[in-house]
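To start, the structure under review is shown below, and the notes come after it.
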Amino acid sequence: MRLATWNVNSIRARVERTVEFAVRESIDVLAMQEIKCKVEQFPFAKFEEAGYHVEAHGLSQWNGVAIASREPIEDVETAFANMPGFAKGHEGPDAPLEARAIGATIGGVKVWSLYVPNGRALGDPHYDYKLRWLKALEEYTRTSLAGDPDLPLALVGDFNIAPTDADNGDPTIVPGFATHVSPPEREAFAALQTAGLTDVVRPLVPSGYTYWDYKQLRFPRNQGLRIDFILGSRSFADGVTGAAIHRDERKGDIPSDHVPVVVDVDLDEPDDDDRPMIF
DNA sequence: ATGGCTCGCCCAGCGAGA
């Protein structure tokens, strides 16, 4: 299975480019973030013409996530357990949920397309929301893997965290003053790894960014961030055979500000043909 | 020159993004 994640920054603005990429790179499963539309506005036909099923979750012009897959998409969920919500004037436990997560089972893999809240600014209510959201995701991961340690689980998407200083090449994003690089956010990201997930791309692609701001020539100057990740459980990570960050997708006409991150995974599900012979 | 963008929205500034 070739699995990709891409924050597309409006699927309606970029559907041709997105589908072309998926076809050209033989992507089996494409997790998208920031589709920026309601489900009824999603350009399903363009994907279906290219041989993809699509499940989308979008509530407004903000956020929105989707999964396209060549194989059937089963057991779709639009929130993980205890995922917090957020809205102006609703910062408590009853806050409405945003469209930031869609999960499904595809080819035996539990895949989540995730758009972690931005945080906006240190001390902003959105920053607290971001940390609570990540904590709930960590607890979901722990619970899922406690129930089934061999579950092939992949959490993929825009995590809006640069986990190390090497992942921050934007001179305006200063540790101590900015989101994405603050210690609590980095600790929240590390906690996902403690909960049983591995960044399956970094060992194969040790450096490079996945996002460059549209402003101030950030891409020509290569002042980007690595904030888009594919995190896999042990059984998923053990099957990974390759990975790539498609930097060229930041070039050309009307690019997203993010680029696709891709892994190849061979889960080697035992079946009748490769069950060991016993004499 | 020391800043240069891009979405979607009841079309015009605005909220949001990182």
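Throughout, protein chains are lettered first and strands after them, A, B, ... in sequence-line order, and every chain is numbered starting at 1.
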* Structure fact -> Readout for nucleotides 7-17 of chain B: B = base within 4.0 Å of protein heavy atom, S = sugar-phosphate only, - = neither; 5' to 3' it is SSS-----BSB

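Residues satisfying the ring pair (Phe, Tyr, Trp, His ring centres under 6.0 Å) test with A:Phe219, not counting sequence neighbours, are A:Trp212. Among residues two or more places apart in sequence or in another chain, the side-chain hydrogen bond (donor to acceptor under 3.5 Å, both in side chains) test is passed with A:Glu138 by A:Lys135, A:Arg142. Residues meeting the ring pair (Phe, Tyr, Trp, His ring centres under 6.0 Å) test with A:Phe229, sequence neighbours left out: A:Phe189. A search for ring pair (Phe, Tyr, Trp, His ring centres under 6.0 Å) contacts involving A:Phe42 returns A:Phe44, A:Phe47, not counting sequence neighbours.
Only the C1' atoms considered, B:dC7 is 15 Å distant from B:dA12, to the nearest whole Å. The gap from the P atom of B:dA16 to that of B:dC10 amounts to 15 Å, rounded to the nearest Å. Taking atom P in both B:dG13 and B:dA1, one finds a spacing of 32 Å when rounded to whole Å. To the nearest whole angstrom, the two P atoms, one in B:dT6 and one in B:dA18, are 16 Å apart. Separation of the C1' atoms belonging to B:dC11 and B:dG15 is 16 Å when rounded to the nearest angstrom.
Atom P of nucleotide B:dT6 and atom CZ of A:Arg17 are separated by 13 Å, given to the nearest angstrom. A:Asp170 places its CG atom 14 Å from the P atom of B:dG3, with the value rounded to the nearest Å. Per the geometry, CH2 belonging to A:Trp212 stands 17 Å off C1' belonging to B:dT6, to the nearest Å.
Between A:Trp133 and A:Phe80, the ring centre distance stays below 6.0 Å.
In textbook terms, a nucleotide whose glycosidic angle is within 90° of 0 is syn, and B:dC11 is one such case.
Other members of the cluster containing A:Phe177 are A:Val174, with ILVMFWY side chains joined at under 4.5 Å, either directly or via other members.
A:Arg226 forms no cation-pi arrangement with A:Tyr209, by the criterion of a distance under 6.0 Å to the ring centre and an angle within 45° of the ring axis.
Using a 4.0 Å heavy-atom criterion, one finds that A:Leu217 contacts the bases of the nucleic acid, with or without backbone contacts as well.
Where A:Val116 and A:Arg221 each meet DNA chain B at their nearest nucleotide, the meeting point lying more 5' is that of A:Arg221.
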